[in-house]
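A short write-up of the structure that comes next.
Quick note: numbers below take in every heavy atom, side chains included, and nothing from hydrogens, waters or symmetry partners. If you read the sequence from its start, that first residue is 1, and numbering goes on from there.
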Amino acid sequence: MGEEDTVTVDQNSYGSGKGKDSLLRNRRSSSPLPPPPQLSSKVLTLPTVLTLGRVAAVPILVATFYVDCWWGRTATTSIFIAAAITDWLDGYIARKMRLGSAFGAFLDPVADKLMVAATLILLCTKPMDAIVLGPVPWLVTVPSIAIIGREITMSAVREWAASQNGKLSEAVAVNSLGKWKTATQMIALTILLASRDSSFERLLPSGIGLLYVSAGLSIWSLVVYMRKIMKVLLKKK
């Protein structure tokens, strides 16, 4: 029976309540679904340009970090803050102006990981001077290993999931826990970079604390993703 035959049957039975329900269900099922968000065919959209700017800012961040004067410290902190703002801004513009692109979707997490990893490594090269304990070489190193290790692992897992089926890709999609992890990372690193200046050194304990919170969220989110993956794999058996 084709579509025309189905409509004829529904019209003939319209007088009964069952016929009405059948016609309403048919109309609901035939209503068009909202189209998926379209990706821009352009490569260099405004969000992508902002993302490329973050990538280009990484070597400048490294150079200013080792300038041992007030303007070097100010420049390093300002570059990182600008990168954190554009990280949010490019996503907002891509959604609101429908300027998302496949290249931008690939490049955005790469730019974030480069900026965060570079900043963590830079901070590890100059041990923090804890107020109570004095210089502690491992104070930033331990959470940095946890954060960078998690990012490397998740990148590999997402690459593998993308080559499998759709359910695995859904299992590793970014969730609210990952967003909280990113937010605490950005705030912690901003505070740690700013606290290198004597005017803000009293903020150091809060920056260290937030960095450990971020490391904890990183490990927790990794465990959550792995549990989702295991559920999908066990269902396939």
Donor-acceptor pair, distance only, cut-off 3.5 Å: does the side chain of [X] make one with the backbone of [Y]?
X    : Y    : answer
Y212 : L139 : yes
S214 : L210 : no
T74  : W71  : no
S163 : W160 : yes

Please lay out, stage by stage, how E151 and K181 fare under the test side-chain contact (heavy atoms from CB on, under 4.5 Å).
CA-CA 11 Å; E151 296 300 336; K181 179 266 301 178; 2.7 Å; yes
Compare every heavy atom of [Y] with every heavy atom of [X], then report the nearest pair and how far apart it is.
X    : Y    : value
E201 : S198 : CG-O, 3.3 Å
P109 : A105 : CD-O, 3.2 Å
P59  : V55  : CD-O, 3.6 Å
L192 : G207 : CD2-C, 3.8 Å
G104 : T48  : CA-OG1, 3.8 Å
V172 : R158 : O-NE, 2.8 Å

Can you confirm whether more than 12 heavy atoms, excluding those of F106, are under 6.0 Å from its CZ atom?
no
Residue W70 excluded, over 12 heavy atoms near CH2 under 6.0 Å
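It does not: W70 CH2 has 12 such atoms or fewer within range.
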Answer with yes or no whether the hydrophobic clustering places [X] together with [Y]; edges join I, L, V, M, F, W, Y residues whose side-chain heavy atoms lie under 4.5 Å apart.
X    : Y    : answer
V142 : I147 : yes
I60  : V116 : yes
V224 : M230 : no
V58  : M186 : yes
I79  : L120 : yes

Gap between atom [atom2] of [Y] and atom [atom1] of [X] - 0.5 Å precision:
X    : Y    : atom1 : atom2 : result
I208 : I191 : CD1   : CD1   : 10.0 Å
L217 : W180 : CG    : CH2   : 9.5 Å
R73  : T64  : CZ    : OG1   : 11.5 Å
I121 : T125 : CD1   : OG1   : 9.5 Å
I145 : I148 : CD1   : CD1   : 8.0 Å
L61  : L122 : CG    : CG    : 6.0 Å

Determine, step by step, whether L193 and L123 satisfy the side-chain contact (heavy atoms from CB on, under 4.5 Å) criterion, reporting the C-alpha distance in whole Å, the side-chain angles of both residues, the deciding distance to 0.1 Å, and the verdict.
CA-CA 8 Å; L193 288 172; L123 290 170; 4.0 Å; yes
Step by step, work out the side-chain contact (heavy atoms from CB on, under 4.5 Å) result for S218 and Q185.
CA-CA 9 Å; S218 296; Q185 265 181 22; 3.8 Å; yes
By ring pair (Phe, Tyr, Trp, His ring centres under 6.0 Å), which residues pair with W88, not counting sequence neighbours?
Y92
Is there a side-chain contact between [X] and [Y], using heavy atoms and a 4.5 Å cut-off?
X    : Y    : value
D90  : R54  : yes
M226 : T153 : yes
V140 : K126 : no

Looking at Y225, I'd like to know if the NZ or CZ of R150 sits under 6.0 Å from its six-membered ring centre while staying within 45 degrees of the ring's axis.
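That pair does not qualify as a cation-pi contact.
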Tell me, with the steps shown, if F200 and T77 meet side-chain contact (heavy atoms from CB on, under 4.5 Å).
CA-CA 12 Å; F200 301 101; T77 307; over 6 Å; no
